[in-house]
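In what follows, every chain begins at residue 1, and chains take the letters A, B, ... in the order their sequences are listed. Side chains are part of it too, since the values below use all heavy atoms of this structure and drop only hydrogens, waters and symmetry mates.
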Number of protein chains: 2
Amino acid sequence: MARAVTQPVTNGTQTAEKAGGVETIIRSAHDRVVREIVDLFVRLAEVAGLPRSIGELYGYLYVADAPLPMDVLTSELGLSKGAVSQGLRLLRSFGAVRTVYVPGDRRDHFVAERELKKLAAGYLNEKVLPHIRRGDERLKEIRALIAQTNGGDRKILQERLQRLIRWHQRAAKLIPLLLRLLQQ
Amino acid sequence: MARAVTQPVTNGTQTAEKAGGVETIIRSAHDRVVREIVDLFVRLAEVAGLPRSIGELYGYLYVADAPLPMDVLTSELGLSKGAVSQGLRLLRSFGAVRTVYVPGDRRDHFVAERELKKLAAGYLNEKVLPHIRRGDERLKEIRALIAQTNGGDRKILQERLQRLIRWHQRAAKLIPLLLRLLQQ
DNA sequence: CAAGTTGTTCATTTTATTTTGAACGAAGCC
DNA sequence: GGCTTCGTTCAAAATAAAATGAACAACTTG
């Protein structure tokens with residue numbers, strides 16, 4: 001049962017599948033919604049500093065009403081196999097997408113994790129926390145370097161460092177706070 | 001009074017300015033601190049999705065103990081006039097940097113705004129809020145589009161939209177909350 | 001086990017972003 | 001008014017990031 005390339009997002013209820021006329025209009029209204037939502041996620045990806053294709057993939061899975069295999073994403077979004085494979089890996093890495101077993105189909109099927117809380121938590125843990133941790137190390141190194149400087153310079157450098165450490169502490173405290181806020 | 005290229009960050013107290021030996025070591029320790037801090041800001045810029053040069057400029061001004069004119073930044077960081085000019089404009093646009101009048105010098109002098117609260121506030125207002133606002137419009141457009149779809153599809157699309165609207169509302173509420181948290 | 005799928009990897013190409021540098025306008029200065 | 005300095009702008013060059021697609025490994029299946 002081959003799925004028509006122009007309608008993979010909705011696949012359960014294909015009531016408007018007769019011929020031409022009104023149905024075509026209805027179909028394209030649905031497609032436009034899908035396109036708009038995908039576009040919304042493309043912008044979001046942009047803001048988050050992620051490649052456009054990540055936004056497309058997540059957006060398309062977000063609107064879909066069933067788990068989709070890679071080849072549907074490939075043909076629907078006009079992306080290469082490589083891009084889809086890598087994109088899904090990244091999305092999985094922060095829990096934005098997960099695989100689902102579909103009986104009688106050898107292909108992996110993907111679903112979007114649609115709960116903001118899980119999505120944001122994954123992003124914070126994978127993409128933000130590591131930076132904060134490394135920042136911590138860096139600051140310690142800088143403290144050691146400053147100890148090797150002398151007189152007039154040192155005071156200013158120490159003040160700057162102190163301020164950075166305060167920033168860092170705030171950022172570190174913010175993460176769990178954000179997670180809690182998103183939690184419920 | 002030409003300023004030596006190798007020591008523009010500290011310029012008030014130049015006690016270690018005799019000749020060779022110990023002073024050289026001291027000086028380079030100071031330089032290493034500067035370099036490390038600049039590097040820290042380069043990474044921060046990376047995370048924030050800003051060009052490397054922005055991190056360099058802000059970082060260098062952050063450690064400096066006096067307002068600096070453009071040409072010092074140009075020669076110290078090895079950036080072109082154009083890059084420095086554009087970079088400072090961006091930094092000014094979200095209040096990370098401001099100009100200071102220095103008597104008897106025709107050049108603009110720049111200082112880093114070192115308070116996290118002002119810096120973050122500027123960034124949120126200039127770089128985040130606009131996206132949230134546009135998101136609002138986009139969601140309304142999508143709602144209108146969905147009204148034009150029919151039957152089975154519509155229910156799912158409406159559910160997806162509803163969820164997006166909830167995300168959006170949370171994000172919108174988060175901004176003022178963050179600002180308040182950073183405030184004191 | 002041969003043939004066909006499925007999914008990953010990575011060198012290459014494409015595209016997007018950042019930086020340069022020369023040209024220019026606007027002051028200041030003598 | 002000429003000369004110099006300061007800062008901006010923008011086309012072009014350099015660089016960085018993302019996407020492609022062919023090669024490949026791992027499975028399935030008859």
Side-chain angles (χ1 to χ4, degrees), chain A residues 1-3 8 38-39 41-61 67-93 97-111 127, chain B residues 1-3 8 38-39 41-61 67-93 97-111 127:
Chain A
M1 191 200 282
R3 188 208 305 274
V38 168
D39 194 82
F41 280 101
V42 168
R43 312 293 170 116
L44 185 59
E46 231 163 62
V47 176
L50 298 170
R52 154 190 202 86
S53 62
I54 297 294
E56 295 182 284
L57 287 169
Y58 183 80
Y60 200 79
L61 288 171
L68 299 177
M70 265 185 54
D71 56 318
V72 170
L73 294 166
T74 303
S75 63
E76 268 325 291
L77 296 170
L79 292 169
S80 68
K81 257 172 72 158
V84 173
S85 173
Q86 288 177 191
L88 289 173
R89 168 150 46 125
L90 181 65
L91 284 166
R92 253 181 308 187
S93 83
V97 145
R98 69 194 149 79
T99 50
V100 165
Y101 171 66
V102 171
D105 197 327
R106 187 142 74 81
R107 298 169 300 177
D108 288 350
H109 284 65
F110 295 86
V111 230
K127 295 268 153 188
Chain B
M1 191 201 284
R3 187 208 306 276
V38 168
D39 194 82
F41 280 101
V42 168
R43 313 293 171 117
L44 185 59
E46 230 164 62
V47 176
L50 298 170
R52 153 189 203 85
S53 62
I54 298 293
E56 295 183 284
L57 287 168
Y58 183 79
Y60 201 79
L61 288 172
L68 298 178
M70 265 184 54
D71 55 318
V72 170
L73 294 167
T74 303
S75 63
E76 268 324 293
L77 296 171
L79 292 168
S80 69
K81 257 171 72 155
V84 173
S85 173
Q86 288 176 192
L88 289 173
R89 169 151 42 124
L90 181 65
L91 284 167
R92 254 179 308 186
S93 83
V97 145
R98 69 194 148 79
T99 50
V100 165
Y101 170 66
V102 171
D105 197 328
R106 187 143 73 79
R107 298 170 299 177
D108 288 350
H109 285 64
F110 295 86
V111 230
K127 296 265 152 189

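Taking side-chain N and O atoms only, A:R92 has no distance below 4.0 Å to OP1 or OP2 of C:dG7. Between A:S53 and the phosphate of D:dA18, there is no side-chain N or O to OP1/OP2 separation shorter than 4.0 Å. Close to D:dA17, at under 4.0 Å from its OP1 or OP2, lies no side-chain N or O of A:R52.
The side chain of B:R107 lies closest to D:dC6, out of C:dC10, D:dC6, D:dG21. In this structure, the nucleotide among D:dT20, C:dT9, C:dT20 sitting nearest to the side chain of A:A83 is D:dT20. The nucleotide whose nearest atom lies closest to any side-chain atom of B:S85 is, among D:dT9, C:dG21, D:dA19, D:dT9. Nearest nucleotide to the B:D108 side chain, out of D:dA19, D:dG7, C:dT19: D:dG7.
Contacts between residues 97-106 of chain B and DNA chain C, defined by a heavy-atom separation under 4.0 Å, are made by B:R106.
A straight line from CG of A:L68 to C1' of C:dG7 spans 16 Å, rounded to a whole angstrom. Counting to the nearest Å, the P atom of D:dA18 and the CD atom of A:Q86 are 11 Å from each other. Atom P of nucleotide D:dT9 and atom CG of B:L90 are separated by 13 Å, given to the nearest angstrom. Atom P of nucleotide D:dA17 and atom CD of A:E46 are separated by 16 Å, given to the nearest angstrom. Here the P atom of nucleotide D:dC27 and the CE atom of A:M70 are 17 Å apart, to the nearest Å. Protein atom CG of A:L88 is 12 Å distant from nucleotide atom C1' of C:dT8, rounded to whole Å. For B:L79 and C:dT20, the CG to C1' distance is 10 Å, given to the nearest whole Å. Rounded to an integer number of Å, the gap from CD1 of B:I54 to C1' of C:dT19 is 12 Å.
Across all strands shown, A:D71 has no heavy atoms under 4.0 Å from either base or sugar-phosphate atoms. The residue B:G78 sits close only to the backbone: its heavy atoms come under 4.0 Å of sugar-phosphate atoms, none of a base.
Looking only at distances, a side-chain donor or acceptor of B:T74 sits under 3.5 Å from a matching main-chain atom of B:M70. The backbone N or O of A:L90 sits less than 3.5 Å from a side-chain atom of A:S93, completing a donor-acceptor pair.
Contact between A:R98 and A:R92 at its shortest, heavy atoms only, is CA-CG, 4.4 Å. What you find for A:V38 and A:Y60 is that their closest heavy atoms are CG2-N, 3.8 Å. Minimum interatomic distance between A:L57 and A:A83 (heavy atoms only, all atoms of both residues): CD1-O, 4.3 Å. Taking all atoms of both residues into account, the shortest heavy-atom contact from A:V42 to A:E56 is CG2-CG, 3.6 Å.
Side-chain atoms of B:K81 come within donor-acceptor range of the base of D:dG7, with a qualifying N/O pair under 3.5 Å.
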key: Audit row: B:L73, B:L88, side chain to side chain contact (heavy atoms under 4.5 Å, CB included) steps and yes/no   = CA-CA 10 Å; B:L73 294 167; B:L88 289 173; 4.1 Å; yes

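Other residues, nucleotides and ligands place no more than 12 heavy atoms under 6.0 Å from the CZ atom of B:R52.
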